[in-house]
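In what follows, a single structure is set out as structure tokens and then discussed.
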Amino acid sequence: MANIFSSLKNAYTLFKTVDFQKLEALSKKVDLTKIVDSVSNLDETQLQGLMKMIGGPHKKRELPPIEGDFYHLGDEALSDEDRALQLKVRAFLEKEVKPVVNKYWLKAEFPFELIPGIAELNICGLTYEGYGCPNKSNLMEGMLAMEMARIDTSMSTFFGVQSGLAMGSIYLLGSEAQKQEWLPDMQQLKLIGAFGLTEPEVGSGVAGGLTTTAKRVGSKWLLNGQKKWIGNSTFSDVTIIWARDLDDQEVKGFLVRKGTKGFAVEKMEDKMALRIVQNGLITLTNCEVEEEDRLQNANSFKDTAKVLKMTRAGVAWQAVGCARGAYESALQYTRTRKQFGKPIASFQLIQNHLVEMLSNLTAMQTLCFRLSQLQDQNLLTDEHASLAKVFCSMKTRDVVSRAREVMGGNGILLEYDVARFVADAEAIYSYEGTKEINTLIVGRAITGFSAFV
């Protein structure tokens, strides 16, 4: 009798709690008998899992911050002052640059309106002493190169040409008069520089095969030849032109001023990468340059190589920034993109891609961190810079490829940024020394044998 009363009581409770209108509507969609049989056969663990799944809205999960500096190198390595500068630059890039870069990248145009804001950051010629330059560490410069490339590699390249290649040529190889004339205004971006080394038929072989010539005639030099892929050259105020002296066959550098007779620039069109960078094809036809505008301490390609060694380290940091931008964009996307009812970041295969990306990115960062330490200690060699450049540019390709992978079809849309990183990674892979050339530089250093042709 007690069992009967207990069953009646349970049935009464069930009738009070069940919404029969909903039950009737549900019965038209599913077989309730099968559902009841299936649920009754579940064990305790399975039932708990089912109740957890249908238990209503869950408390919003607190997700970890999106941070590409997994080993906190920036926090640990920089002084409070330098860390504040890094965050100031990041804020400017996030607020002013990121919203417009896709538009300019698509149109292959340069956002000139951003130059005054970049100048206010006071980071041009960051590592140089005097001439209005901040005289900061090479590590700080590398970090800022990464910050720029994290948002857009084109803007990082523009800055690298201005601050590294152009200003660096004058700072390392110019006379004191040349430094005084050019560096203060270039530091403030009042004057823009370009660096003309690569030629239409001579890229990797510039050390011994430069075809642009220089002939001294009295107090002037006559330059003849062509330069290709010269960033900033369509609007630069001064272009560093490297040419082979016909008299002694040595490579020399010249400061060619904007508007110089015999100096013509044609913008290169239809690039698939670094589309914001304004690359030019320069034609020099009896271009007259005064002796006072010859870089006074550039007397052979060994001097040119001093500039390249310094800037190659910066390109390795650019590769880190490009990879970091792609990784962080992909991570953000996978945490918000849902498939099968949940964020794709919760899927094992997606997490595998993300961890592979972060592993490569962290290895690149730590390598470049040590590279900059060597540079600050005046221990940097060509092979140090080349190893970093070749490794980082290769791994960046892998990172951006995986970033596109996890984003599926949306990965090829410009609005999600990763497509731009994928394209720009190809330019990083080739400029400032190809994989093959940098490999041979390192190979020569570790074996003692030169494999160059």
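A distance-only check finds no donor-acceptor pair linking the side chain of Thr362 to the backbone of Ser359 [under 3.5 Å]. With hydrogens and angles ignored, the 3.5 Å screen pairs no side-chain donor or acceptor of Glu120 with any backbone N or O of Gly117. Remark: the backbone N or O of Leu73 is not paired with any side-chain donor or acceptor of Gln365 at under 3.5 angstrom. When atom types are taken as modelled, the side chain of Asn438 and the backbone of Thr434 share a donor-acceptor pair closer than 3.5 angstrom. Side-chain atoms of Lys228 never come within 3.5 Å of backbone atoms of Gly196 as a donor-acceptor pair (strictly under, hydrogens ignored). The closest donor-acceptor contact from the side chain of Lys435 to the backbone of Ser430 lies at 3.5 Å or more, if one exists at all. Side chain of Thr366 to backbone of Ala363: a donor-acceptor contact under 3.5 angstrom is found. Using modelled atom types, no side-chain atom of Thr239 and backbone atom of Ile241 make a donor-acceptor pair closer than 3.5 Å. Counting only distance, with no hydrogens or angles, the side chain of Tyr128 and the backbone of Ser163 share a donor-acceptor pair below 3.5 Å. Distance alone, capped at 3.5 Å, is enough to place a donor-acceptor pair between the Gln162 side chain and the Met186 backbone.
Looking at Ser236 and Lys258, their side chains never come closer than 4.5 Å, going by heavy atoms from C-beta outward. Taking the side chain as every heavy atom from C-beta outward, Leu63 and Arg335 approach each other to under 4.5 Å. Counting only heavy atoms from C-beta outward, the side chains of Ile170 and Ile240 approach each other to under 4.5 Å. Two residues are said to be in side-chain contact when any heavy atoms from C-beta on lie closer than 4.5 Å; Met310 and Glu141 fail this criterion. Side chains of Met146 and Gln86 form a contact here, defined as non-hydrogen atoms less than 4.5 Å apart. Side-chain contact check for Lys342 versus Phe347: some heavy-atom pair is nearer than 4.5 Å. Inter-residue side-chain proximity for Glu96 and Glu113 is flagged as unmet; no heavy-atom pair is nearer than 4.5 Å. A heavy-atom distance below 4.5 Å is not found between the side chains of Arg90 and Lys95.
Interatomic distance, Met272 CE to Asp270 CG, rounded to the nearest 0.5 Å: 12.5 Å. Considering NZ of Lys267 and CG of Asn279, their distance stands at 9.5 Å, rounded to 0.5 Å. To the nearest 0.5 Å, atom CG of residue Asp398 and atom NE2 of residue His353 are 10.0 Å apart. Distance check: Leu191 CG to Asp237 CG gives 4.5 Å after rounding to the nearest 0.5 Å. Glu290 CD to Ser219 OG: the interatomic distance, rounded to the nearest 0.5 Å, is 5.0 Å. Here the straight-line distance linking atom OH of Tyr327 with atom CZ of Phe70 works out to 7.0 Å at 0.5 Å rounding.
Salt-bridge annotation for Glu199 and Lys227: present, with a side-chain N of the basic residue lying under 4.0 Å from a carboxylate O of the acidic one. At a threshold of 4.0 Å, the pair Glu81-Lys88 does not count as salt-bridged, since none of the basic side-chain nitrogens sits closer than that to a carboxylate oxygen. In this structure, Glu291 pairs ionically with Arg294, as a charged nitrogen and a carboxylate oxygen lie closer than 4.0 Å. Remark: Lys136 engages Asp82 in a salt bridge, criterion side-chain N to carboxylate O under 4.0 Å.
No more than 12 heavy atoms of other residues, nucleotides or ligands sit less than 6.0 Å from atom NZ of Lys338. Within 6.0 Å of the CG atom in Leu349, the count of heavy atoms belonging to other residues, nucleotides or ligands does not exceed 12. In this structure, Ile412 places its CD1 atom where only 12 or fewer heavy-atom neighbours from other residues, nucleotides or ligands lie under 6.0 Å away. Taking a 6.0 Å sphere around CH2 of Trp229, one finds it holds 12 or fewer heavy atoms contributed by other residues, nucleotides or ligands. Remark: Lys107 NZ is packed, more than 12 non-hydrogen atoms of other residues, nucleotides or ligands lying under 6.0 Å away. Around atom CD of Glu129, no more than 12 heavy atoms belonging to other residues, nucleotides or ligands sit under 6.0 Å away.
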### Message
Walk me through whether Trp105 and Asp424 qualify under side-chain hydrogen bond (donor to acceptor under 3.5 Å, both in side chains).
### Response
CA-CA 10 Å; Trp105 193 93; Asp424 289 348; 3.3 Å; yes
#### Entry: Residues Phe158, Phe110; criterion ring-ring contact (aromatic ring centres under 6.0 Å, His included); working and verdict
CA-CA 10 Å; Phe158 156 75; Phe110 187 86; 4.8 Å; yes
### Task
Show your reasoning for whether side chain to side chain contact (heavy atoms under 4.5 Å, CB included) applies to Tyr429 and Val390.
CA-CA 8 Å; Tyr429 184 70; Val390 72; over 6 Å; no
### Query
Where do Asp417 and Arg420 land on the salt bridge (charged side-chain N to carboxylate O under 4.0 Å, His left out) test, with the steps shown first?
CA-CA 5 Å; Asp417 295 323; Arg420 174 165 47 82; 3.0 Å; yes
### Task
Test salt bridge (charged side-chain N to carboxylate O under 4.0 Å, His left out) on Arg216 and Asp247 and set out the steps.
CA-CA 8 Å; Arg216 183 162 185 176; Asp247 291 327; over 6 Å; no
### Query
Between Arg150 and Glu94, does a salt bridge (charged side-chain N to carboxylate O under 4.0 Å, His left out) hold up when you go through it step by step?
CA-CA 10 Å; Arg150 172 181 168 267; Glu94 293 276 2; 3.1 Å; yes
### Message
One pair to check against salt bridge (charged side-chain N to carboxylate O under 4.0 Å, His left out): Arg397 and Glu426. What are the steps and the verdict?
### Response
CA-CA 7 Å; Arg397 271 178 142 190; Glu426 290 303 303; 2.9 Å; yes
Please report, to 0.1 Å, the donor-acceptor pairs under 3.5 Å made by any side chain of residues 248-255, with sequence neighbours excluded.
residue, atom, partner, partner atom, Å
Asp248, OD1, Glu250, N, 2.9
Asp248, OD1, Lys252, NZ, 3.2
Asp248, OD2, Lys252, NZ, 2.7
Gln249, OE1, Arg244, NH1, 2.5
Gln249, NE2, Leu246, O, 3.0
Lys252, NZ, Asp245, OD2, 3.1

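The side chain to side chain donor-acceptor pair (under 3.5 Å) pairs that include a residue from residues 314-324 are Glu67-Arg324, Ser156-Gln318, Trp317-Ser372, Gln318-Tyr431, Arg324-Glu328, where partners are two or more places apart or lie in different chains.
Using a 3.5 Å distance cut-off with no hydrogens or angles, the side chains of Asp303 and Asn297 do not pair a donor with an acceptor. Using a 3.5 Å distance cut-off with no hydrogens or angles, the side chains of Tyr333 and Asn410 do pair a donor with an acceptor. Side-chain atoms of Gln180 and Glu176 include a donor-acceptor pair closer than 3.5 Å. Between the side chains of Asn122 and Gln187, at least one donor-acceptor pair of N or O atoms lies under 3.5 Å. Gln226 and Thr212 share no donor-acceptor pair across their side chains, judged by distance under 3.5 Å alone.
Taking the ring axis of Tyr171 as reference, the NZ or CZ atom of Lys179 stays within 45° of it and closer than 6.0 Å to the ring centre. Remark: Arg444 is not positioned above the aromatic ring of Phe452, lacking an NZ or CZ atom under 6.0 angstrom from the ring centre and at most 45 degrees off the axis.
The heavy-atom pair separating Ala145 from Gly314 by the smallest distance is CB-O, 4.2 Å.
Two rings, from Phe369 and Tyr71, have their centers 6.0 Å or more apart.
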